[in-house]
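Input: a single structure, listed below in structure tokens.
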Amino acid sequence: QVRLVESGGGLVQAGGSLRLSCAASGRTFSTYAMGWFRQAPGKEREFVAAINWNGVTTHYADSLKGRFTISRDIAKNTLSLQMNSLKPEDTAVYYCAASPQLRSIVVLARGEYWGQGTQVTVSS
């Protein structure tokens, strides 16, 4: 069974940092692009960041550049999202996704596999 499991969410004060992780199991994702999305209450899911299969190419939502950093450990089959200078508007459920093509994640917001999400709450 293929699974993506997010962890690392929690409650943090504005200005703080969190590091999210996504552990993949059931298959190797070494040839897959992976990404992060988030969904705040009452809002649509939005793209956060994506990384290509070998970690060389990354994409970020324009509003998040400079604060968030996506990375992956191919050997460990994990994806990470370092979030700094967090703001209350970053509060959302964060999901990781995997797709054979980076374009699917960045442009189409589609993933072949999705995690169940981890809650991030930033207090003011």
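The model shown is predicted, which means the values in this text are computed figures rather than measured ones.
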Identify the two heavy atoms, one from [X] and one from [Y], that lie closest to each other, and give their separation to 0.1 Å.
X: I105; Y: A50; answer: CG2-CB, 3.8 Å
X: A97; Y: G111; answer: CB-CA, 4.4 Å
X: G9; Y: T118; answer: N-OG1, 3.2 Å

Run the side chain to side chain donor-acceptor pair (under 3.5 Å) test against [X] and tell me which residues pass, sequence neighbours left out.
X: E89; answer: none
X: S30; answer: T28
X: R19; answer: Q82
X: E46; answer: R38

I'd like to check [X] versus [Y] (side-chain heavy atoms, cut-off strictly below 4.5 Å). Are they in contact?
X: T121; Y: V12; value: no
X: Y113; Y: R3; value: no
X: F68; Y: L86; value: yes
X: Y94; Y: Q39; value: no
X: Y32; Y: E112; value: yes

Quick test of your reading: applying disulfide bond (SG atoms under 2.5 Å apart), list the pairs with at least one residue in residues 36-124, sequence neighbours left out, ordered by first then second residue.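 Of all non-adjacent pairs touching residues 36-124, those that pass disulfide bond (SG atoms under 2.5 Å apart) are C22-C96.
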Distance flag, aromatic centroids of Y95 and F37, threshold under 6.0 Å: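 So the answer is no for these two rings.
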V93-V5 co-clustered via ILVMFWY side chain contacts under 4.5 Å: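 No: no chain of side-chain contacts under 4.5 Å links V93 to V5.
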Looking only at atom types and distance, does a side-chain atom of E6 sit under 3.5 Å from a main-chain N or O of G117, one as donor and one as acceptor?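 Here the side-chain-to-backbone pair exists.
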Is the backbone N or O of S71 less than 3.5 Å from a side-chain atom of S80, with the two atoms forming a donor-acceptor pair by type?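 No, the answer is negative, given that no donor and acceptor are paired below the 3.5 Å cut-off.
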Go through it in stages, so that I can follow the logic: the residues are L108 and R103, the test is side chain to side chain contact (heavy atoms under 4.5 Å, CB included), and I'd like the CA-CA distance, side-chain angles, deciding distance and then a yes or no. CA-CA 7 Å; L108 304 177; R103 179 180 180 273; 3.7 Å; yes
For the pair V120 and L18, evaluate side chain to side chain contact (heavy atoms under 4.5 Å, CB included) and give the outcome as yes or no after the intermediate values. CA-CA 9 Å; V120 171; L18 280 175; 3.8 Å; yes
Check the pair R67, K87 against side chain to side chain contact (heavy atoms under 4.5 Å, CB included), reporting the backbone distance first and the verdict last. CA-CA 10 Å; R67 294 197 297 123; K87 304 175 182 180; 3.9 Å; yes
Contact list for residues 53-64, test side chain to side chain donor-acceptor pair (under 3.5 Å), sequence neighbours left out: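 For residues 53-64, and leaving out neighbouring residues, the side chain to side chain donor-acceptor pair (under 3.5 Å) pairs sorted by first residue read N52-N54, D62-K65.
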Taking atom CZ as the centre, does R27 end up with more than 12 heavy-atom neighbours from other residues, nucleotides or ligands that are less than 6.0 angstrom away?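 Counting other residues, nucleotides and ligands, CZ of R27 exceeds 12 neighbours.
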Quick one: pull up [atom1] in [X] and [atom2] in [Y] and give me the separation to the nearest 0.5 Å.
X: I51; Y: L79; atom1: CD1; atom2: CG; value: 7.0 Å
X: T78; Y: L4; atom1: OG1; atom2: CG; value: 11.5 Å
X: L81; Y: M34; atom1: CG; atom2: CE; value: 12.0 Å

How far apart are the C-alpha atoms of L20 and M83, what are their side-chain angles, what is the distance that settles it, and do they pass the side chain to side chain contact (heavy atoms under 4.5 Å, CB included) test? CA-CA 8 Å; L20 305 183; M83 305 186 296; 3.7 Å; yes
Does the side chain of S17 come under 3.5 Å of the side chain of N84 through a donor N or O and an acceptor N or O?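 Yes, a side-chain donor-acceptor pair sits under 3.5 Å.
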